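This report refers to the structure that appears directly beneath it.
In this text the structure is predicted, and so the values were computed from the model without any measurement.
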Amino acid sequence: MTNSGTAVGTQDGAEEPSLRFLSGGGEVGALMRSQDWSRSPLGEPSTWPPALRSIVSLMLGSGFPMFCAWGKDLGFLYNDPYIPVLGDKHPAALGAPFHAIWSEIWDDIHPLIERALGGQATYVEKLPLVMRRHGYDEQTWFTFSYSPARDDNGEVAGMHCACVEVTGQVLAERYRDEENKRLMTLFEQAPGIIAVLRGPKHLFEITNKSYNDLIGRSDLVGKTAREALPEVEGQGFFELLDQVYISGEPFVGHAVPLDVAREPGAPLERRYLDFIYQPIRDAAGNVAGIFVEGSDMTVRKQVEDELRAANRQKDQFLAMLAHELRNPLAPITTAAQLLKLGTLDAKGVRNASEIIARQAEHMTDLVNDLLDVSRVTRGLVTLEKEELDVNAVVAGALEQVRPLIESKRHSLTMQLSGEPVHVMGDRTRLVQVLSNILNNAAKYTPSGGEIVMQVSAPGDQVVVCVTDNGIGIEPEVLPYIFDLFTQAERTPDRSQGGLGIGLALVKSLATLHGGSVEARSKGPGQGSQFEIRIPRLHAGTAAPGEADGEGGAAQVEPLRVMVVDDNQDAAQMLAMLLEVQGHAVSVEYDGRGALQRARLERPQVMLLDIGLPDTDGYALARKLRALPELAGATLVALTGYGQDDDRRQAEEAGFDHHLVKPADLAQVGEILASVQGKAP
């Protein structure tokens, strides 16, 4: 500002002795010396009291932001370091009333001013103030002190302030706090276990939720590791912590077992951990603590163990399957070679043929078991339920297993219910369940053993219990006896064989009937007991349950039959069996030959393989159905595929019947008999 009024200096520029307190002071000091004070409530500096002069001199000589407010109107004086605090308010603020300068924050600071004017000093840290010093509202923070300023008589005539703006510091602290909170949130929400241990006694300083969940409690912070987790003593973890703290070398563990009580008083629970103990060093490079980070791998370990077990089961099953298939193949091959030599008499031929038939039937049973268990476990089996008397079902199962029981000279005791006990079930499948159980009892009981089969009907259930005094079941096998491919250890004297799927099939079929099955054994050599439970049917009349007429196949008149199969041995053998029964049989090995010959011979029955070299049986059946000369012919699909979808495709292609290889001769006989019955 210009000298429009009285100047501080003399006319020749020499400084008046009474105004030397304004010397120096930088920009503000120069302004004070050149200021027109006529409009200021403070008046001319030459009239300022000694006390005010001393305060101004102190401020102008200080490098710390300061101001003072003097007199009734609190005229405002400040130094150069205070200019940044004022912003655009400088230089107009020099000498102006305090309230006019800081009206926007007056409500915040006026109580403090009043205390200073009342003779009481105040000190405030990081006071938030919204200031308008650059033309807009600005959030700031200040640390300052207000002190009373006294005149020459000792009376409070104003106030003095020493202040520092801490806006940058506060914002930095807030950013740091937010970062820390963000990091703590990430730390807390991290899926892995995290903890920080301090000192040689491994005091818990921080733990996250995953760590607390693993341990089963959250009261760890402030406790040493040994205090917080006494049950872990002796498992090697504390020793590892000591080693890492002393050596300064990290430790990495993979799938390490940890036994921990996850609730107060709970038994120890086994968990598996992947983790690292990472030493934490202070500024001097010394180990001050340990950072713990890892993952609970228990579920993954269980899955891996299950996969390894499943893989072992698969290998064991393949080995058993190879063994079981080689067993019947050996006598079949030997018998076939003897027949090929042509040196056997009629008795020898008959014996060789019986061996082949018997062993082929055994192989068929193995394959059927495999198909059955596959269909049942995939939910592809549909039960054909009817009202049944369980006593009759037991009789049917016993009839199937009786030859084995008699061959091993077992004593069989039957304890039936003494009255009809009805269930709603599939006769064939229930016979399969009971015959499997009886078959196992007969196989795994040494010759001359005892088997008891009991039927009872307590309450709403029918219970069939099969007890034997055989080899028993090992305790470690018993919990898994109904799992697929589970079989007790084979020994040289236990060559009964089997694929380990029979009991799995029993359990699945019992479940499909709404029932259950349970196995008991006191251990090896102490026999076993199997109990099947099926819901009892109280209402209704029991089905007769008699089997269809037994005895030999019905006598049929000769028929014209064609066998179509690219397996020449299979086709010729089936043709020979049909010829023995008196039928006129022709054989073809592909679709083209079958189609041409069928036009000429007009067979009444055609047994067609599905997989032919030049076409498939479905396409061939459609072509045959289109021939007028074959109207009324019976087409039989003969295939290795026996699923429901295969049967549906066969029906859609025009087949009358669907048989699974190897063909059951009794079924073939029934089909031929039905055709003969329709013949004119």
Side-chain angles (χ1 to χ4, degrees), residues 327 354 358 361-362 365 369 388-421 423 427-458 461-475 477-478 481-482 486-503 505-507 509-510 515-534 545-547 550:
N327 276 347
E354 289 176 353
R358 186 164 55 250
E361 183 179 354
H362 176 58
D365 289 341
D369 280 349
L388 302 171
D389 182 358
V390 174
N391 294 301
V393 176
V394 168
L398 179 59
E399 189 63 30
Q400 290 191 11
V401 186
R402 187 180 296 279
L404 177 60
I405 293 175
E406 291 177 349
S407 69
K408 298 195 69 172
R409 304 186 305 281
H410 292 321
S411 169
L412 175 63
T413 302
M414 297 290 294
Q415 298 177 359
L416 300 180
S417 62
E419 61 176 346
V421 282
V423 297
R427 177 187 299 276
T428 301
R429 293 303 185 178
L430 288 179
V431 167
Q432 186 178 9
V433 168
L434 298 180
S435 61
N436 261 325
I437 297 294
L438 275 173
N439 190 68
N440 277 355
K443 282 201 301 183
Y444 299 127
T445 299
S447 297
E450 296 180 358
I451 301 174
V452 177
M453 191 170 193
Q454 182 182 30
V455 179
S456 60
Q461 291 185 318
V462 177
V463 180
V464 181
C465 189
V466 178
T467 307
D468 64 63
N469 63 344
I471 63 172
I473 305 171
E474 295 89 342
V477 174
L478 190 59
I481 197 69
F482 294 104
T486 297
Q487 192 179 60
E489 188 70 25
R490 293 179 183 270
T491 59
D493 62 338
R494 241 200 72 204
S495 56
Q496 294 88 349
L499 296 176
I501 61 178
L503 291 179
L505 191 57
V506 165
K507 180 180 179 180
L509 290 174
S516 62
V517 60
E518 183 178 358
R520 305 184 188 93
S521 178
K522 295 181 179 179
Q526 301 189 62
S528 58
Q529 183 181 78
F530 286 83
E531 184 177 273
I532 301 99
R533 292 178 173 267
I534 305 292
E546 292 86 6
E550 299 183 2

Any side-chain heavy-atom pair of Thr445 and Lys408 under 4.5 Å:
no
Sorted by chain and residue number, the salt bridge (Lys or Arg N to Asp or Glu O under 4.0 Å) partners of Glu518 (sequence neighbours excluded) come out as Arg520
With rounding to the nearest 0.5 Å, note down the distance linking CG in Leu438 to CD1 in Ile405.
5.5 Å
What is the distance from atom CD of Glu406 to atom CG of Leu412, rounded to the nearest 0.5 Å?
9.5 Å
Reported CD-to-OG distance for the pair Glu399 and Ser435, which is rounded to 0.5 angstrom:
12.0 Å
Only one of Val463, Ile534, Leu430, Val423 forms a side-chain contact (heavy atoms from CB on, under 4.5 Å) with Val390, so which one is it?
Val423
Under a 4.5 Å cut-off applied to non-hydrogen side-chain atoms, are Asp389 and Val421 in contact?
yes
Looking at Lys507 and Val517, what are the two nearest heavy atoms and their distance?
CA-CG1, 3.7 Å
Applying side-chain hydrogen bond (donor to acceptor under 3.5 Å, both in side chains) to Asp468 and not counting sequence neighbours gives Ser528
Write down the atom of Leu509, the atom of Gln432, and the distance for their closest heavy-atom approach.
CD1-OE1, 3.6 Å
For a quick test of reading the model, state the closest non-hydrogen atom pair linking Leu434 to Val393 and the distance between them.
CD1-CG1, 3.8 Å
Under the 3.5 angstrom rule, does the side chain of Asn391 hit a backbone N or O of Glu419 as a donor-acceptor pair?
yes
Between His410 and Gly448, what is the shortest heavy-atom contact and its length?
ND1-N, 3.7 Å
To the nearest 0.5 Å, atom CD1 of Ile532 lies from atom OG of Ser516 at 9.0 Å
Non-neighbouring partners of Arg402 that pass salt bridge (Lys or Arg N to Asp or Glu O under 4.0 Å), sequence neighbours left out:
none
Provide the closest heavy-atom pair for Phe530 versus Ala519 in the form atom of the first, atom of the second, distance.
CE2-CB, 3.5 Å
Roughly how far apart are Ser447 OG and Arg409 CZ, rounded to 0.5 Å?
5.0 Å
Separation between CG (Leu503) and CD1 (Ile481), nearest 0.5 Å, reads 5.5 Å
All heavy atoms of Pro446 vs all of Gly470, minimum pair found to be CD-CA, 3.9 Å
